[in-house]
Amino acid sequence: MRVLITGGAGFLGSHLCEQLLKQNHEVICADNFFTGSRRNVLHLLGNPDFDLIRHDVTVALSVEVDQIYNLACPASPIHYQRDPVSTTRTSVVGAVNMLDLARRLHAPILQASTSEIYGDPEISPQSEDYWGRVNPIGPRSCYDEGKRCAETLFFDYRRQYDLQIKIARIFNTYGPRMRIDDGRVVSNFIVQALRNEEITIYGDGKQTRSFCYVDDLIEGFIRLMNSPPNFTGPVNLGKPDEFSVLELAEIVIELTGSRSSIRQLPLPVDDPRQRRPDITLAETKLGWFPQTSLRVGLAHTIAYFDQVLSAERKTTASV
Ligand code: NAD
Ligand code: UDP
């Protein structure tokens with residue numbers, strides 16, 4: 001099959017490109033490099049089944065493909081708040097453009113949605129039938145409401161045009177190829193620990209998250225895309241173990257053997273207090289369950305950042 005991946009040069013997108021190429025599909029990766037990078041897919045550029053195009057999803061795109069994965073959107077709070085208007089535009093106008101393309105091609109389309117749909121939830125764990133508690137006018141709203149509107153558009157295209165849609169609600173996923181300056185908690189803590197710098201805990205560190213390793217998530221994406229046409233989701237994809245941010249910091253310090261101490265900084269506005277997926281639906285409908293423990297996934301990620309940081313040190317030393 002020929003597959004389009006928008007946001008394919010980002011963290012998750014680059015792993016998806018790699019995995020689909022391994023499965024002998026042709027991949028077209030479309031990205032405007034807002035947070036993604038050509039470096040993430042450099043190793044794929046020589047592959048005749050791989051195409052990379054610089055493209056912004058807020059502009060219509062015409063390609064001939066059999067499936068579309070719509071991942072284009074900055075995912076880290078510091079990056080999606082950098083240009084909030086563009087974040088909403090990417091989610092909403094980008095969704096319309098990709099849905100129109102899917103409609104013309106009669107192709108199934110998968111949306112990378114998010115646990116942010118649930119906002120700061122009053123129930124735990126969160127299952128797909130929970131409508132969420134989202135502030136519509138806060139600094140996170142450009143992302144949360146953009147993604148919520150994209151879900152609405154996906155369902156309206158299904159109801160109105162009988163389009164084959166798939167919606168994955170992704171919970172915090174981490175792994176190699178996150179940016180050093182990504183700003184999300186796992187990459188921040190690992191980079192700080194490896195540099196023996198202070199680990200920045202926002203608030204009291206008692207807020208919780210559930211962390212999924214990238215390989216497991218990609219497996220979930222592919223299973224969802226290839227599930228029966230009548231299965232649309234939304235379906236939660238995440239690892240249902242819950243850790244406080246402080247616990248995560250302690251594990252990272254232990255695994256890196258770091259001398260870092262902990263520094264408390266103010267909690268960002270509207271930072272959700274807890275987050276844990278109920279993944280019964282993914283288990284039942286997709287036979288999917290994330291296999292990688294937090295410690296094993298962190299070890300792979302630490303090895304990756306260790307390599308990136310030592311390459312950076314060598315470059316600085318030779319200048
Ligand atoms: P990322 O920032 O590494 O990747 C996003 C990619 O989209 C980047 O390559 C960026 O350059 C590209 N992009 C942004 N705006 C674009 C536009 N207008 N046109 C074309 N490309 C554009 O983040 P990620 O973690 O890989 O996230 C990928 C997707 O998964 C996002 O849609 C995100 O909302 C969703 N998601 C991720 C997580 C997670 O924990 N990683 C959780 C929930 C949802
Ligand atoms: N966080 C933190 N220190 C950091 C980065 C993040 O304490 O250096 C906290 C953040 O306040 C949130 C949690 O870690 O409570 C997860 O943040 P992240 O940005 O990774 O993703 P979110 O789930 O908030 O979108």
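Nothing here was measured: the structure is a model prediction, and the numbers come from that model. By convention here, the first residue in the shown sequence is residue 1. Each ligand, and each atom within it, is numbered from 1 in the order the structure gives.
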- Message: One pair to check against side chain to side chain contact (heavy atoms under 4.5 Å, CB included): N226 and Q67. What are the steps and the verdict?
- Response: CA-CA 10 Å; N226 297 294; Q67 294 183 334; 3.1 Å; yes
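- The ligand atoms of ligand 1 that sit less than 4.0 angstrom from a heavy atom of H55 are 19 (N), 20 (C).
- A donor-acceptor pair under 3.5 Å links the side-chain atoms of K166 to the main chain of S227, judged by distance alone.
- Without hydrogens or angle criteria, Q207 side chain to Y202 main chain gives a donor-acceptor distance under 3.5 Å.
- Of all atoms in ligand 1, numbered sequentially from 1 with element shown, those under 4.0 Å from a heavy atom of G10 are 3 (O), 4 (O), 8 (C), 9 (O).
- Contacts between I170 and ligand 1, counted as non-hydrogen atom pairs separated by less than 4.0 Å, involve both the backbone and the side chain.
- In this structure, atom 16 (C) of ligand 2 lies nearest to the protein heavy atom R209 NE, 3.6 Å.
- T87 places a side-chain N or O within donor-acceptor distance of the main-chain N or O of D83, the cut-off being under 3.5 Å.
- The Y143 neighbourhood of ligand 1 comprises atoms 33 (C), 34 (O), 36 (N), 43 (C), 44 (C), with distances under 4.0 Å to a heavy atom of that residue.
- Geometrically, ligand 1 and D56 share a nitrogen or oxygen pair separated by less than 3.5 Å.
- No side-chain donor-acceptor contact under 3.5 Å links D49 to the backbone of V27.
- Atom numbering of ligand 2 starts at 1 in the shown order; those under 4.0 Å from a heavy atom of I201 are 7 (O).
- Neither the backbone nor the side chain of R179 has any atom closer than 4.0 Å to an atom of ligand 1 (non-hydrogen atoms only).
- Interface of A9 with ligand 1, defined as ligand atoms under 4.0 Å from a residue heavy atom, comprises 9 (O).
- Among G7, C73, G183, A75, the residue whose heavy atom lies closest to atom 24 (P) of ligand 1 is A75.
- Aromatic ring pairs are classed by plane angle as parallel below 30°, tilted from 30° to 60° and perpendicular above 60°; the pair Y118 and Y130 is parallel.
- Of the candidates T114, T208, D271, the one placing a heavy atom closest to atom 15 (O) of ligand 2 is D271.
- To the nearest 0.5 angstrom, T35 atom OG1 is 11.5 Å from F11 atom CZ.
- When L246, I78, V185, T200 are checked for heavy-atom proximity to atom 3 (N) of ligand 2, T200 turns out nearest.
- Within the structure, the closest approach of Q192 to ligand 2 does not fall below 4.0 Å when heavy atoms are considered.
- The environment of CZ in R133 is crowded: more than 12 heavy-atom neighbours from other residues, nucleotides or ligands sit within 6.0 Å.
- Scanning the protein heavy atoms around atom 13 (C) of ligand 2, the nearest turns out to be V245 CG2, 3.8 Å.
- Against a heavy-atom cut-off of under 4.0 Å, P74 is close to the following atoms of ligand 1: 2 (O), 14 (C), 15 (N).
- Contact between H79 and ligand 1 is absent, with no heavy atom of the residue lying under 4.0 Å from the ligand.
- Checked by atom type, the side-chain pair R177/S14 shows a donor-acceptor distance below 3.5 Å.
- Checked by atom type and distance alone, the side chain of R169 never pairs as donor or acceptor with a backbone atom of V235 at under 3.5 Å.
- At a 4.0 Å cut-off, at least one heavy atom of R184 sits close enough to ligand 1 to count as contact.
- Heavy atoms of G94 come nearer than 4.0 angstrom to ligand 1 in no pair at all.
- Between T90 and ligand 1, at least one pair of N/O atoms sits closer than 3.5 Å.
- Judged by distance alone, with hydrogens and angles left aside, the side-chain atoms of T88 form a donor-acceptor pair with the main-chain N or O of C142 at under 3.5 Å.
- Between the S260 side chain and the I199 main chain, no donor and acceptor come within less than 3.5 Å of each other.
- Residue-ligand proximity, E116 to ligand 2, at heavy-atom distances under 4.0 Å covers atoms 25 (O).
- Taking distance alone, with nitrogen or oxygen atoms compared against 3.5 Å, F34 approaches ligand 1 more closely than that limit.
- Close N/O approach between S37 and ligand 1 is not found [any backbone or side-chain N/O within under 3.5 Å].
- Side-chain atoms of T200 and Q192 include a donor-acceptor pair closer than 3.5 Å.
- Donor-acceptor pairing under 3.5 Å is recorded for the side chains of S62 and R104.
- Contact analysis puts S113 in contact with ligand 1, with a non-hydrogen atom separation below 4.0 angstrom.
- From the protein, the heavy atom lying nearest to atom 7 (O) of ligand 2 is Y202 N, 2.8 Å.
- Contact atoms of ligand 2 toward F189: 3 (N), 4 (C), 8 (O) (distance under 4.0 Å to a heavy atom of the residue).
- For R148 (side chain) and I117 (main-chain N/O), a donor-acceptor pair under 3.5 Å exists by modelled atom type.
- Atom CD of E122 sits in a crowded spot, with more than 12 heavy atoms from other residues, nucleotides or ligands closer than 6.0 Å.
- Ligand 1 has a nitrogen or oxygen under 3.5 angstrom from a nitrogen or oxygen of T173.
- Considering backbone and side-chain N/O of N70, none are found under 3.5 Å from N/O of ligand 1.
- Here the straight-line distance linking atom CZ of R209 with atom CG of L248 works out to 11.0 Å at 0.5 Å rounding.
- The CD1 atom of I5 sits 10.5 Å away from atom CD of E18, with the distance rounded to the nearest 0.5 Å.
- Ligand 1 places these atoms under 4.0 Å from at least one heavy atom of G36: 8 (C), 9 (O), 10 (C), 11 (O).
- Contact atoms of ligand 2 toward R140: 22 (P), 24 (O), 25 (O) (distance under 4.0 Å to a heavy atom of the residue).
- Distances below 4.0 Å separate heavy atoms of P77 from the following atoms of ligand 2: 19 (O), 25 (O).
- Between the side chain of S124 and the backbone N or O of R276 there is no donor-acceptor pair closer than 3.5 Å.
- Per-residue contacts place N188 under 4.0 angstrom from the following atoms of ligand 2 (heavy atoms of the residue considered): 4 (C), 5 (C), 8 (O).
- Heavy atoms of S76 come nearer than 4.0 angstrom to ligand 2 in no pair at all.
- With no hydrogens or angles considered, no side-chain donor-acceptor pair links Q274 and T208 at under 3.5 Å.
- Remark: the backbone N or O of P125 is not paired with any side-chain donor or acceptor of D278 at under 3.5 angstrom.
- Atom numbering of ligand 1 starts at 1 in the shown order; those under 4.0 Å from a heavy atom of F33 are 11 (O).
- Where the criterion is an N or O separation shorter than 3.5 Å, residue side chain and backbone included, A30 fails it with respect to ligand 1.
- The distance from ligand 2 to the heavy atoms of N172 drops below 4.0 Å at these ligand atoms: 21 (O), 22 (P), 23 (O).
- Counting atoms of ligand 2 from 1 in the listed order, those under 4.0 Å from a heavy atom of R184 are 19 (O), 20 (O).
- The part of Q207 lying near ligand 2 is the side chain, judged by heavy-atom distances below 4.0 Å.
- With ligand atoms numbered from 1 in the order given, ligand 1 contributes 40 (O) to contacts under 4.0 Å with heavy atoms of N172.
- In this structure, Y80 falls outside the shell of residues with a heavy atom less than 4.0 angstrom from ligand 1.
- Between F211 and Y174, the angle of the ring planes goes over 60°, which puts this pair in the perpendicular group of the 30/60° scheme.
- One option in T6, D31, N32, L12 has a heavy atom closer to atom 22 (C) of ligand 1 than any other, and that option is N32.
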